[in-house]
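Read the structure below first, then the notes.
When reading the values below, keep in mind they use all heavy atoms of this one structure, side chains included, and skip hydrogens, waters and symmetry mates. Proteins come first, then strands; the chains are lettered A, B, ... in the order of their sequence lines, and each starts at number 1.
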Amino acid sequence: MITDFDTLHDCRDAFVSTLENLASENNQIVAVCNDSVGSSKLGGFRDKWPERLVNVGIAEQNMVGVGAGLANGGKIPFVCAASCFLTGRALEQIKADVAYTHANVKLCGISSGMAYGELGPTHHSIEDFAWTRVLPGITIVAPADPSETKGAVEFAANHDGPVFLRLSRVGVPNIFDSNHRFVAGKANTIRPGQDLTIIANGTLTHRAFQAAELLAKQGIEARVINMATLSPIDIDTIVSAATETGAIVTCEEHSVHGGLGSAIAEVVVQQCPVPMKILGVPGVFAPTGSANYLLDEFGMSATGISEAAHQLFYNKGKKRIA
Amino acid sequence: MITDFDTLHDCRDAFVSTLENLASENNQIVAVCNDSVGSSKLGGFRDKWPERLVNVGIAEQNMVGVGAGLANGGKIPFVCAASCFLTGRALEQIKADVAYTHANVKLCGISSGMAYGELGPTHHSIEDFAWTRVLPGITIVAPADPSETKGAVEFAANHDGPVFLRLSRVGVPNIFDSNHRFVAGKANTIRPGQDLTIIANGTLTHRAFQAAELLAKQGIEARVINMATLSPIDIDTIVSAATETGAIVTCEEHSVHGGLGSAIAEVVVQQCPVPMKILGVPGVFAPTGSANYLLDEFGMSATGISEAAHQLFYNKGKKRIA
Amino acid sequence: MNIYSCFDLNTADNFCQRLIKLSRKYADFRKALTDTRLHEIICLYIYSLETFTLDVQTLQDMARQIRLDDLKTVYRAKAGHIGGEMSAIDILTTLYFHTLNIDPTQPNKPTRDRFILSKGHTACALYTTLAHRGFIELDELSTFLQPHSRLNGHPNRNKVPGVETNTGALGHGLPIGIGMAKAAQLSGEGWRVFVLCGDGELQEGSNWEAAMAAAHFKLDNLTLIVDHNRLQQGARVHDTNALAPIADKFAAFGWATTAVDGHDIAQLREAFDKRSATAGQPTCIVANTFKGQGISFMQDKVEWHHKVPNKEQYEQAVEELQAAM
Amino acid sequence: MNIYSCFDLNTADNFCQRLIKLSRKYADFRKALTDTRLHEIICLYIYSLETFTLDVQTLQDMARQIRLDDLKTVYRAKAGHIGGEMSAIDILTTLYFHTLNIDPTQPNKPTRDRFILSKGHTACALYTTLAHRGFIELDELSTFLQPHSRLNGHPNRNKVPGVETNTGALGHGLPIGIGMAKAAQLSGEGWRVFVLCGDGELQEGSNWEAAMAAAHFKLDNLTLIVDHNRLQQGARVHDTNALAPIADKFAAFGWATTAVDGHDIAQLREAFDKRSATAGQPTCIVANTFKGQGISFMQDKVEWHHKVPNKEQYEQAVEELQAAM
Ligand SMILES: Cc1ncc(C[n+]2csc(CCOP(=O)(O)OP(=O)(O)O)c2C)c(N)n1
Ligand SMILES: Cc1ncc(C[n+]2csc(CCOP(=O)(O)OP(=O)(O)O)c2C)c(N)n1
Ligand SMILES: [Mg+2]
Ligand SMILES: [Mg+2]
């Protein structure tokens with residue numbers, strides 16, 4: 001499905017252009033941020049609707065609470081901040097004010113994963129899947145390209161309830177064409193295959209796709225699934241993948257604990273046990289480096305993923321995996 | 001191993017008596033709390049060493065930061081607060097100031113799980129495993145009885161690095177005898193069995209044991225493992241259980257997403273895929289009720305666990321579990 | 001359904017005042033009326049509450065009745081936070097029976113005034129007030145804390161009509177209140193937002209983030225009421241992490257501030273009536289209160305934060321509250 | 001190894017002052033000495049820094065040198081937070097070369113003074129200062145932000161000697177500082193704790209939790225320095241969430257407060273010397289600064305929060321800084 005791997009897009013652009021389009025049609029849409037107008041690319045929004053950009057300053061707890069209050073007052077707030085601070089600093093507000101109250105708040109975690117690269121672990125957000133996934137009632141979406149980002153933002157604006165959009169600034173190629181229809185909770189098979197399955201989302205989807213092309217050269221046909229929605233998770237697609245291909249590799253710009261791989265493992269062991277390999281940040285605080293550098297380092301280059309898949313392929317059906 | 005199911009103990013008592021014993025020998029040990037002297041049972045500590053009880057008031061972010069600073073100054077701080085507020089309100093401090101800085105802070109989450117019962121989801125701490133497990137370098141322990149609590153507190157005091165003790169106030173019977181030696185990272189098989197394995201910790205261990213006794217009456221010999229240490233997880237014990245018994249039921253006073261079951265599933269799919277059943281709070285905010293009432297409601301009475309185990313037993317070896 | 005157009009307002013006022021005086025129990029009265037199917041009168045009465053002023057004596061009687069029902073509910077459930085409930089009830093009564101522009105038949109009416117019980121642990125006082133105000137049935141109070149009851153230990157918006165947001169963790173109310181007040185500002189609507197928080201609760205930094213923003217946003221439709229009972233869970237506020245003087249701190253953060261006797265309904269009524277003490281500024285009303293107010297042996301005693309009375313204590317408390325009525 | 005006992009202190013003072021004046025670059029000097037293997041003199045120099053007072057001119061020269069090396073490092077790495085680095089460098093220089101009782105050869109000496117860079121995004125200024133002060137090699141600055149470098153975009157205690165705690169998320173430093181100051185109080189030790197935070201950073205509520213506690217605990221060994229450059233990441237502080245006047249807020253929270261010109265090293269030296277402005281109170285020093293100080297086109301410009309100079313800009317900046325030396 002990916003034809004041009006070289007033209008890369010910052011999905012924040014699709015995020016804000018979609019948000020601005022929606023906001024021009026629905027004046028209940030407001031943006032809330034924490035001194036993050038620039039990093040959330042909200043400059044255009046601010047210029048068009050200065051009063052509808054609620055910048056609370058560097059105060060994430062207040063930011064999320066304000067979002068919940070705006071929702072109570074009939075607004076549709078898009079609360080935009082670096083994902084690490086949004087989720088880490090305001091998690092109890094996300095739990096109580098948003099999830100438990102079921103407030104119509106759209107949490108937009110910008111620069112998630114290791115997008116802040118050299119700024120280090122305080123700025124890495126490789127825990128946010130684990131932190132939010134355990135909270136009931138929040139739809140969690142990590143789009144993989146501009147077109148899916150657009151769909152996810154439109155979904156968020158129209159869905160009545162909490163949404164967490166996990167966005168990145170790391171360049172990705174186009175995966176879907178521009179009239180792709182995003183459906184929350186429904187994963188997309190972006191490459192057919194019967195030998196094993198690679199499941200990814202966000203910035204990892206195109207890497208997974210490339211890995212599958214490498215595998216094809218070695219005679220292994222990998223199914224590639226883009227699982228943008230982490231919660232509620234698409235059980236049917238996971239079960240089909242497990243039963244039809246017999247092995248699953250997951251890749252995510254997140255810790256190997258508690259994220260996408262973990263969510264899929266929960267389904268796999270309870271419905272259709274097959275061997276898996278969970279790729280991600282392996283339980284360490286990352287050293288200095290850019291996101292792409294670190295992803296390669298942690299075995300998530302196209303080659304790294306294909307090697308892990310290759311190994312798993314030969315472990316299919318084994319009871320004990322070395 | 002459990003002989004008396006009727007005499008129940010509040011593990012906070014073992015917690016504070018051990019802490020006071022250690023503190024009387026090592027004057028670097030201090031306690032830090034958030035207006036939670038009573039609920040953390042720190043009254044005795046305060047009376048003995050008023051100046052060594054640092055009560056910061058209702059301010060959890062500050063509480064954890066103060067803990068990190070005390071550790072930097074050579075103290076061994078036991079930071080005690082209701083687990084929901086400790087983990088939810090101060091998670092970024094736990095990430096940056098404790099885990100990433102590798103500060104010698106002992107986080108003590110009191111009344112974890114649904115111990116606060118009728119006080120409702122804001123006071124339930126059924127996300128804390130997921131929230132902390134994704135952070136590198138924190139040893140996470142959920143002891144199951146007074147003796148193990150004592151061992152865990154002693155371990156925490158002597159270990160150089162971050163520890164999260166997940167404690168409850170819900171009564172539990174004695175499981176281990178008083179000279180039981182707690183080893184962090186090493187799970188205990190408290191009942192042998194070859195037909196399947198039940199893994200639990202904290203308040204669920206005695207329920208799992210009782211379930212195994214019920215299963216024995218039905219001719220199923222369940223191995224019961226108390227996995228007090230959630231992180232680092234005891235991979236060897238999990239792998240042996242999976243390969244030797246072929247199926248694993250997990251039980252925890254936590255969400256079914258991201259906690260003990262999830263951690264075990266991550267190991268199982270990657271090392272020894274077998275069918276599992278993850279018991280816990282099923283992705284909802286709990287309704288009004290006491291912890292024990294709610295655990296029963298959510299299928300974690302001894303009978304509930306045994307039924308889940310029974311069903312899993314008949315699914316052993318199946319590719320697709322209904 | 002514009003009821004006002006077909007009714008003489010003065011008559012309605014007198015009529016309702018008289019009815020209240022007679023029954024002293026709004027909910028009983030409402031029930032009685034339902035039983036005789038006088039729906040129009042009920043509607044009218046409810047509307048009239050939004051329009052007419054109850055006299056101070058009537059409000060005081062209502063507060064005493066709410067104290068009594070709160071006490072009964074806590075005693076029955078064998079749990080609650082009675083100290084902080086008693087300190088807040090005069091404030092709640094004034095808000096719900098005088099100040100707030102709300103309608104129990106339309107709890108989600110977009111233009112309603114908003115109230116947030118940030119000190120959510122005193123949920124029982126809120127439930128009792130909501131019951132007397134007609135949001136839920138008085139009978140339902142008996143389910144407080146029972147398995148699967150809507151009346152949890154902390155209020156839940158998705159279950160209990162009249163609750164605006166789920167509280168229980170301290171320090172959440174004021175930020176949410178700012179969002180509500182900002183929404184009114186953005187929509188050009190006139191609704192007001194009231195947040196009630198504890199004094200110990202102000203130790204949470206989230207409040208100070210919010211305090212800064214409220215002043216910056218010039219939210220003069222926002223009123224924070226501090227239940228200044230000088231006690232928190234385990235000790236005096238003063239001995240835990242001194243906050244006083246509270247008003248000075250809010251003044252330094254750009255707020256208009258006033259202090260009132262939090263058990264003097266006339267003072268509360270007047271303080272709440274003003275949209276803001278100073279145009280363009282949010283208002284902080286420091287309500288000087290006593291934990292356990294109205295029950296002699298509980299008053300100003302830290303242990304009554306969440307103690308439950310035994311039988312003798314309960315009977316004495318009932319007696320004291322009834323004697324005052 | 002008590003070096004003092006075998007050396008005339010006055011001689012050492014004069015000697016070191018002269019050496020500094022000569023080289024103006026402490027680290028180069030240190031390196032030169034290493035090359036000739038005069039280890040004793042190095043040790044002595046380092047110790048002398050703890051004991052003797054550098055004159056203001058020497059400190060100013062050091063600050064300029066640190067600005068220059070910071071600029072070079074940011075230019076080379078093509079990343080950094082240069083605006084807030086320039087505003088903080090006079091403060092850092094005064095702390096590290098005058099105030100702090102620290103020893104680069106024993107970065108974890110239990111009784112050392114503690115410094116926390118709460119505005120961790122200006123790590124490069126800290127690294128440069130630590131290099132000049134002998135905690136790390138000056139050469140290592142060239143690895144800033146390179147893969148696997150110890151010199152990450154935010155400081156890491158476990159990698160860089162002299163760093164006390166890992167910062168980067170704003171609003172973490174003051175609570176940790178309180179813990180450090182409390183530890184000194186509990187141990188009966190005399191060490192002091194300094195926290196440097198941004199003005200925008202004070203919007204974080206965690207600071208106000210800490211402010212309350214510091215006053216309550218009477219931590220007069222704790223000094224908070226606010227780098228009051230009136231700019232935050234995206235705009236003026238005043239336009240984002242007004243904080244000024246900052247000193248009033250700390251005063252309302254029970255702190256002693258003073259204001260200084262944050263680029264006047266004589267003023268900074270004096271302000272830092274006092275253990276506390278008032279016994280039993282923590283001190284907040286509001287240091288009035290400019291973002292981008294020292295480089296004309298960066299000064300007081302919000303866009304230089306984390307912009308990187310192009311070649312022409314870099315050359316002009318170098319020129320301006322060198323001209324001032
Ligand atoms: C974030 C958080 N931390 C701790 C608690 C536990 N807690 C419940 S009530 C209370 C004391 C509150 O004191 P105050 O705000 O003065 O309320 P009041 O005196 O009116 O009861 C505490 C610490 C909580 N509910 N939320
Ligand atoms: C908790 C948190 N929220 C947001 C940020 C992003 N951020 C980095 S620097 C900065 C502005 C800081 O302004 P100020 O404190 O005034 O520092 P200075 O002007 O000295 O650079 C922001 C918002 C952060 N690092 N941490
Ligand atoms: Mg109080
Ligand atoms: Mg600034």
Side-chain angles (χ1 to χ4, degrees), chain A residues 23 26-35 49-79 81 85-86 89-107 135-137 160-162, chain C residues 107-116 118 120 152 154-160 163-193 195 204-219 221-222:
Chain A
N26 183 347
N27 67 9
Q28 299 292 33
I29 290 178
V30 297
V32 186
C33 71
N34 65 335
D35 191 18
W49 306 285
E51 73 293 342
R52 280 161 65 189
L53 178 77
V54 183
N55 183 353
V56 300
I58 312 171
E60 292 75 15
Q61 297 193 65
N62 189 42
M63 174 179 68
V64 172
V66 166
L70 284 164
N72 176 292
K75 302 295 168 193
I76 304 171
F78 280 72
V79 176
F85 307 130
L86 170 66
R89 197 58 161 276
L91 194 57
E92 198 186 59
Q93 279 74 18
I94 293 176
K95 171 181 168 180
D97 310 349
V98 179
Y100 180 35
T101 297
H102 206 70
N104 193 25
V105 174
K106 317 305 163 183
L107 304 162
L135 296 173
D160 183 19
Chain C
N108 290 323
K109 195 176 162 183
T111 56
R112 71 195 179 278
D113 286 347
R114 267 82 173 165
F115 170 74
I116 301 174
S118 193
N152 207 323
H154 295 88
N156 184 332
R157 165 168 183 72
N158 299 303
K159 296 190 175 166
V160 185
V163 171
E164 294 288 355
T165 193
N166 300 10
T167 51
L170 295 167
H172 285 236
L174 193 55
I176 300 170
I178 287 175
M180 294 171 173
K182 185 80 195 171
Q185 197 185 58
L186 286 172
S187 310
E189 296 284 355
W191 75 68
R192 295 181 64 190
V193 179
V195 177
E204 288 288 359
S206 47
N207 292 305
W208 301 98
E209 296 181 0
M212 239 177 274
H216 192 80
F217 294 155
K218 302 192 193 307
L219 298 175
N221 53 351
L222 174 70

Side chains of A/Leu107 and A/Pro162: does their closest heavy-atom pair fall under 4.5 Å? no

For atom NZ of C/Lys218, decide whether the heavy atoms of other residues, nucleotides or ligands shown that lie under 6.0 angstrom number more than 12. no

For C/Thr111, is it the side chain, the backbone, both or neither that has a heavy atom under 4.5 Å from a heavy atom of chain A? neither

Are the side chain of C/Arg114 and the backbone N or O of A/Gly69 linked by a donor-acceptor pair below 3.5 Å? no

A/Val66, A/Thr101, A/Leu70: which one forms the most heavy-atom pairs within less than 4.5 Å of chain C? A/Thr101

Worked verdict on C/Glu164 versus C/Met180 for side chain to side chain contact (heavy atoms under 4.5 Å, CB included): CA-CA 10 Å; C/Glu164 294 288 355; C/Met180 294 171 173; 3.8 Å; yes

If we define contacts as heavy-atom pairs under 4.5 Å, which of A/Glu92, A/Gln28, A/Glu51 has the most with chain C? A/Glu92

Compare all side-chain heavy atoms of A/Lys75 with those of C/Ser187 and state whether any distance is below 4.5 angstrom. yes

Heavy-atom pairs under 4.5 Å with chain A: which of C/Asn158, C/Leu174, C/Thr165, C/Val163 has the most? C/Asn158

Per the side-chain contact (heavy atoms from CB on, under 4.5 Å) rule, which among A/Val98, A/Asn34, A/Val105 passes with A/Val79? A/Val105

I'd like to verify something: which residue of C/Met212, C/Gln185, C/Glu189, C/Arg157 has the highest number of heavy-atom pairs under 4.5 Å with chain A? C/Arg157

For chain A, the option from C/His172, C/His216, C/Arg112 that forms the most heavy-atom pairs under 4.5 Å: C/His172

Region of C/Ala210 that comes under 4.5 Å of a non-hydrogen atom in chain A: both

Is chain C contacted by the side chain of A/Val64, its backbone, both, or neither, given a heavy-atom distance below 4.5 Å? neither

Counting C-beta onward and ignoring hydrogens, is there a side-chain heavy-atom pair between A/Tyr100 and A/Leu135 closer than 4.5 Å? no

If we define contacts as heavy-atom pairs under 4.5 Å, which of C/Gly205, C/Gly179, C/Ala183 has the most with chain A? C/Gly179

Proximal component of C/Trp208, with respect to chain A [non-hydrogen, under 4.5 Å]: neither

What's the shortest heavy-atom distance between A/His102 and A/Asp160, and which atoms? NE2-O, 3.9 Å

So, the part of A/Asn27 with a heavy atom under 4.5 Å from chain C: the answer is neither

